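Within every chain, numbering begins at 1; the chains are lettered A, B, ... in the order of the sequence lines, protein sequences first and strands thereafter. These numbers come from a predicted model, not from an experiment.
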Amino acid sequence: MSDKHMETGEGHIGYPGYFGVFAILVFGTIFTYFSSFWDLDGTLFPGANTLLALAIAFFKMTCVMLFFMHVYWSPRMIWLSAVASLFWLAIMFAYTMSDYFTRSLGVFSV
Amino acid sequence: MQNVDAIGSGIPAIPKDNYLTNGFTLKSWLLTKDHKRIAIMYLISISLFFMAGGLYASAIRLELLTPETDLLTSATYNKVFTQHGILMIFFFLIPSIPAVLGNFLLPIMIGAKDLALPRINLLSLYIYWLGGALTVYALLQGGVDTGWTFYTPYSTTFSNSYVMAVGLGIFINGFSSILTGLNFIVTIHTMRAPGMTWFRLPLFVWAQYATSLVMILGTPVIAITVLLLAIERAVGVGIFDPAIGGDPILFQHLFWFYSHPAVYIMVLPGMGVISELISNFSRKKIFGYEFIAFSSIAIAVFGFLVWGHHMFVSGQSIYAGMVFSFLTMVVAVPSAIKMFNWSATLYKGSISYDTPMLYAIGFMGLFLIGGLTGLFLGSMGLVVHLTDTYFVVSHFHYVMVGGQVIAYLGGLHYWWPKITGRMYSEFWGKISAMLVFIGFNLTFFPQFILGYMGMPRRYASYPAEFQVLNIFSTAGASVLAVGFVMPLIYLMHSLFYGKPAGDNPWMLPGLEWRTTSPPPTENFEKTPVVTWEAYEFGEESGLDLEAARTRDSVTTV
Ligand SMILES: [Cu+2]
């Protein structure tokens, strides 16, 4: 890592930036807590509450990766690794859900 | 060339300055940043875990000598096979080749002074010790009886054994393999010597790279899964227990998302060792280098898409099962590519049957059986009959022991002269390699038949008609145990009385043979420049071909 931030010792966005990101993360946590009281499952569609909670979690994770883990300022190889790991997560979700979504279809008949 | 000098000067001697003589205090070991010393400490640690796991295995085989539940109670038996599995998988097989042979050799094979992150390497050892100590403590307190798979809802709701403590031990230990994997990937990307291009890397390094990918992508999932299990057990959050809104099958999804790829963590490094042994002891450039290299990567990738084959009879959707079954057949292809390439490498090679090569040939046969019976278990129809029988037990022992343990022993013998600077007794080496092969087959082949006849796994008793084959199996386990104990004796003996091996006892072109045995702390006197291809046995490699031709007269006792 030959980046400039190694010399300054306080990072690309400085302490105000880091505290700003931290504030966003805390806000996301509080928002997740309160959103769980809304009855989205009943008003929108089943699983909507979980989906919203996951969406907030993904947003927070992206903030951590981009700013705390410095991916935003990193070479493309690091971007590639970060995107690949998200792809891996998608595999886990997709294949697991392929079980849940088709389980009720039962056994096919000829 | 140092190796030529060593041969030329007659009797090789142990160099005065090497990594072993660089400090003799306990502190010089415990605070070392030298990858070679860390590997030695791993070697001692995993050997202890292997012995502990082996004692549990002996208890299992002794209990199964008779149809009745007599030596152990059923409850104890449950704990014994669980602990055998946990110790062998998490504390022996997973760190075996990467943390010992990989740690020691990967930097040397690519011409580096050390791993890219030496302190992280030491940290991973301490994490391994911490996780191991916690697990051993929990086992001594009374242990765990869930099976190494920790299936819910038994593990969350019903088992009153030490699930939490052992789970925490495994959770902690997971970070050790994540850090090792991370370290290897960074090292291979950034620390290669001048001229060491990607396609000049030894295939052992490619295998370690693929293994490391699986480690850093898979291990966090098992860590989080065990954590979720602990959360449900401790606070009652409904994740896996249907009574409080969870789904037990979800546990199996998450568990096998890691644990099927973990099978490749356990066998890919073994395949890397075998690629080295087959090519080097045939003195022939490996057939299809690129195919073997990329098949390792393909295994690492496709290995993540097949986990549902452990869940065919668990209530998983039959449609998901069909996809998983198909992909399971697909993932057999890259392993088959390796098998064909190894066979083609042997063809018209100049084969020498030294101890490591005996292990390599054993691996090819045993892994073939282990891999192909995996296809039986990946087909949705047949598996209804075979699920949870001894067929499964036999299948994965053929892969784990017949594959990884045999490859580990082969690799340990092959690099032993490099690691210690001394040769072991070739005679006893060959005897023990053959005992392991015979004992292994005698132990586990009967289990295929038992499983096919319907003997279920994880019971302390069985119908009397299964006894004959079980006696075969227990007898084989005794032979196998002798085969495993013998290397312990003659390798230890060689430490003090072995003939100095010289820099390059096998007369091979790899970088690890171009430094002294044992290597100096910084691995090479000056950074090597690589001008030859991997597995180059001709003039280009700079080897003394005449000396290589007469190697047997130099090294054989
Ligand atoms: Cu599997």
Side-chain angles (χ1 to χ4, degrees), chain A residues 1-3 6 29 32-33 35-37 39-42 46-51 53-54 57-58 60-62 64-65 68-71 74-110, chain B residues 116-117 178 181-182 185-186 188-190 212-222 224-225 239 245 247-258 260-261 297 300-312 314-328 380 384:
Chain A
M1 285 191 210
S2 56
D3 294 352
M6 302 299 273
T29 308
T32 311
Y33 174 76
S35 74
S36 68
F37 292 104
D39 185 21
L40 299 179
D41 283 7
N49 272 102
T50 313
L51 205 62
L54 278 176
F58 265 92
K60 282 159 63 184
M61 181 188 72
T62 313
V64 170
M65 283 173 68
F68 286 174
M69 297 172 78
H70 289 188
V71 171
S74 297
R76 283 188 188 200
M77 192 68 176
I78 305 290
W79 275 90
L80 185 70
S81 315
V83 172
S85 65
L86 286 180
F87 179 70
W88 238 250
L89 200 61
I91 289 176
M92 190 175 87
F93 275 79
Y95 276 69
T96 304
M97 293 318 284
S98 81
D99 170 23
Y100 287 99
F101 286 143
T102 58
R103 212 184 275 175
S104 59
L105 298 181
V107 182
F108 47 77
S109 53
V110 187
Chain B
L117 311 162
I178 294 173
L182 184 73
I185 289 181
V186 177
I188 297 169
H189 272 277
T190 60
S212 304
L213 283 179
V214 183
M215 280 174 164
I216 61 170
L217 289 170
T219 317
V221 178
I222 189 76
I224 294 299
T225 308
I239 301 162
D247 175 34
I249 309 289
L250 178 63
F251 177 83
Q252 298 186 22
H253 276 299
L254 295 176
F255 179 83
W256 290 113
F257 181 81
Y258 164 74
H260 182 80
I297 306 293
V301 173
F302 284 104
F304 274 101
L305 304 175
V306 300
W307 78 83
H309 62 213
H310 296 268
M311 303 163 57
F312 286 143
S314 72
Q316 175 185 241
S317 149
I318 197 162
Y319 298 94
M322 284 161 64
V323 176
F324 282 125
S325 180
F326 172 74
L327 290 168
T328 301
M380 290 176 80
V384 176

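When heavy atoms are compared at a cutoff of 4.5 Å, B:Leu327 approaches chain A solely by way of its side chain, counted from C-beta outward. Contact of B:Phe257 with chain A is made through the side chain alone, with heavy-atom distances under 4.5 Å.
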Item to complete: Could you walk me through whether B:Phe304 and A:Tyr95 pass ring pair (Phe, Tyr, Trp, His ring centres under 6.0 Å), step by step?
Response: CA-CA 10 Å; B:Phe304 274 101; A:Tyr95 276 69; over 10 Å; no
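A:Thr96 and B:Trp307 get closest at one heavy-atom pair: OG1-CZ2, 3.5 Å. Between B:Val221 and A:Met92, the shortest heavy-atom contact is CG1-SD, 3.8 Å.
Atom CE of A:Met69 is surrounded by 12 or fewer heavy atoms from other residues, nucleotides or ligands within 6.0 Å. For A:Phe68, the CZ atom sits in a packed shell: over 12 heavy atoms of surrounding residues, nucleotides or ligands are nearer than 6.0 Å.
Taking CG from B:Leu217 and CD1 from A:Ile91, the interatomic distance works out to 9.0 Å, rounded to the nearest 0.5 Å. A:Ser98 contributes atom OG, which lies 11.5 Å from atom CE of B:Met322 (distance to the nearest 0.5 angstrom). Taking CD1 of B:Ile249 as the reference point, atom OH of A:Tyr100 lies at 7.0 Å (rounded to 0.5 Å).
When each of B:Ile216, B:Val301, B:Thr190 is checked for heavy-atom pairs under 4.5 Å with chain A, B:Val301 comes out on top. Highest contact tally toward chain A, considering only B:Ala320, B:Gly321, B:Gly218, is held by B:Ala320 [criterion: heavy-atom pairs under 4.5 Å].
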